[in-house]
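Here's the structure we're looking at; comments come further down.
Bear in mind that the values here come from a model prediction, so they are computed numbers and not experimental data. Any value given below was found using the heavy atoms of this structure, including those in side chains, with hydrogens, waters and symmetry copies removed. Lettering of chains follows the sequences in order, A, B, ..., and the numbering in each one begins at 1.
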Amino acid sequence: MAQKPSIPKGTRDFGPAEMVKRNFIFDTIKSVFKLYGYQPIETPAMENLSTLMGKYGEEGDKLLFKILNSGDFLSKADDALLQEKESAKLTSQISEKGLRYDLTVPFARFVVQHRNELQFPFKRYQIQPVWRADRPQKGRYREFYQCDVDVIGSNSLLNEVELIQIVDEVYRRLKINVLVKINNRKILSGIAEVIGQPDKIIDITVAIDKIDKIGLDNVNTELAEKGLPRQAIDRLQPILNLAGSNSEKLEQIKKVLATSEIGLKGIEEMETIFNWLQPLGVQTGVELDLTLARGLNYYTGAIFEVKALDVEMGSITGGGRYDDLTGIFGLPEVSGVGISFGADRIYDVLEQMDAYPKEADVTTRLFFVNFGEAEQTWCLPLIHQLRNAGISAEIYPEAAKLKKQMIYANSRNIPFVAMVGEEEMNTGCITLKDMEKGTQETLSGDELVERMKK
RNA sequence: GUGGAUGUAGUUCAGUUGGUUAGAGCGCUGGAUUGUGGUUCCAGAGGUCGCCGGUUCGAGCCCGGUCUUCCACCCCA
């Protein structure tokens, strides 16, 4: 009768070996966030559906996990809608909560609710899972962790610059080669304006975002299908074909957008960011990519995306500036900017590169063989002393065969094994074995502690 | 949400036109070695062939459904 247990599609268990690597990623990211003065917060896994709906576009609403109301949730539902099986309309009657889709919208809600307790500009980081009812694929999960850093309550482009520095620092520490792509929604708006299609900005951005993947011709076809007139598509071509350095691209696009106030504003922002960034010694490549759009429609200024250079993978970090996300919750005129590191994709990238530091695999540093009750009693105070000195140590819980205990230590990747049997107890010393070199030495208790500290 | 692949031991994978008892490497357990792991040698355990149903004298293999994973689209971390 026992059935095989399983977990929902797109979710995963993490064993010790995976958790050690995941924690390495989280710890690295967190330490950089702290280094730049960001403060941690957490918010609930579930939010009111009214907080989440409508923030991510039509597609996003579909991908939200909705939670059924408690109790007899159907009793309040409209009979007519039930009969028609109108799921979309019925949702609001049977579900008022949902799992968060990202960390930015819950953060905006948090800021509005706690505005009087916060000191602005507020710099926070948040590392928590989010859920999307997407169809899983490689690098795409239904439950995954985002590591967000945001500054809210400051219009300064210094924040954008700082976020690029953070990206540079994080990926340098993780030893992943990346390229930062940057663009600006104001430039995209300017383009839409100049070609006479300001209301088609979403369609235009979604289409040109795919240029790397499907090529220029297919982008043009898609634009025509979305109802853009021939003339407008023609005027778009020089923009899509821009080449050269960042400043060269900006010079060229400046001429095209000469009549668009918003477009010129976007160019000015980009110039400022590049100018401020220039002397800071950022090693990661930062490239202006006018075809970078990003789907989330709350972005209003700079938008970022980070791609791994050595591994085929979707973007591993993304973000941008949102001028009025808190406005929806009743706090207007507060601008924020932030980015999100996708921990699970970073994990996949490191896994493919096989680039984890060896130490990441070590949990216990010194393992004590258990030869029996008398030996065990002799060892325990010493183990306590080692732990007080900050050395991770453990003893096998029973006097199993030596071979079995050695195999255990070996499979746990424990670098040192201490052996205290009858001989050692009589002379008051410890035999220490280096598991990697295979060498052994005899030490006193104090010498052992000193030796392990190195 | 649309289209297409996939599933066999803990794991990676073989398995002939449908035909006796479903195999291998790695891993695991025990031994060679009662105070020495990672190398070697010997022996052994381990499978509702994803699940449900159908066709057939007979199904791991054929058919239908379902679930998982993966790929493309869509979108995104």
Side-chain angles (χ1 to χ4, degrees), chain A residues 1-12 15 25 29 56-64 87-88 100-104 127-148 202 205-207 209-210 213-214 218 222 292-297 303-308 312-320 338-349 367 369-372 375 396 399-425 431-440:
Chain A
M1 207 48 201
Q3 51 180 322
K4 269 186 194 166
S6 64
I7 54 175
K9 186 200 294 205
T11 64
R12 296 154 304 155
I25 295 171
I29 291 174
Y56 309 106
E58 207 178 313
E59 193 67 24
D61 284 354
K62 283 188 208 158
L63 298 180
L64 279 169
S87 310
R100 64 166 167 254
Y101 179 92
D102 71 358
L103 300 178
T104 307
I127 299 176
Q128 288 191 276
V130 303
W131 294 269
R132 294 183 190 177
D134 219 348
R135 186 174 286 205
Q137 272 182 46
K138 195 178 215 74
R140 172 180 290 187
Y141 307 98
R142 292 184 135 182
E143 178 183 64
F144 61 96
Y145 275 72
Q146 291 194 329
C147 312
D148 274 36
I202 303 256
T205 54
V206 166
D209 191 42
K210 295 178 196 163
K213 213 167 175 181
I214 63 175
N218 290 321
E222 183 164 330
L292 170 65
R294 294 190 57 80
L296 295 177
N297 53 20
I303 44 186
F304 306 100
E305 187 163 288
V306 179
K307 298 269 296 181
E312 192 56 43
M313 180 67 62
S315 80
I316 54 179
T317 293
I339 48 169
S340 178
F341 291 80
D344 302 78
R345 283 189 177 175
I346 292 171
Y347 180 97
D348 290 344
V349 167
F367 173 85
V369 174
N370 191 329
F371 283 104
E375 291 87 344
Y396 202 79
K401 282 185 184 167
L402 178 59
K403 181 179 168 127
K404 183 168 182 173
Q405 299 192 42
M406 292 300 283
I407 292 173
Y408 174 85
N410 192 55
S411 65
R412 287 273 314 273
N413 271 321
I414 295 171
F416 295 99
V417 170
M419 279 173 281
V420 180
E422 211 172 319
E423 291 168 35
E424 285 87 353
M425 280 208 298
T431 299
L432 178 70
K433 174 158 185 164
D434 182 321
M435 291 294 276
E436 201 183 330
K437 292 183 188 142
T439 55
Q440 288 188 190

Looking at [X] and [N], is any side-chain donor or acceptor paired with a base atom of the opposite kind under 3.5 Å?
X       : N       : result
N410(A) : rG38(B) : no
R412(A) : rG37(B) : no
R345(A) : rC76(B) : yes
R135(A) : rU2(B)  : yes
Q137(A) : rU69(B) : no

Base, sugar-phosphate or nothing for [X]? Non-hydrogen atoms, less than 4.0 Å.
X       : answer
G139(A) : base
K433(A) : base
E424(A) : base
G421(A) : base
G319(A) : nothing
Y141(A) : base
T317(A) : sugar-phosphate
E422(A) : base
G438(A) : base
K307(A) : nothing

Could you tell me whether the side-chain ring of F144(A) sits stacked on the base of rA77(B), using a centroid cut-off under 5.5 Å and a plane angle under 30°? yes

Check the side chains of T11(A) and E143(A) for a donor-acceptor pair under 3.5 angstrom, ignoring hydrogens and angles. no

Starting at atom CG of N413(A), determine the distance to atom P of rG38(B), rounded to an integer number of angstrom. 14 Å

With P as the reference atom in both, quote the distance from rC51(B) to rU11(B) in angstrom, rounded to an integer. 14 Å

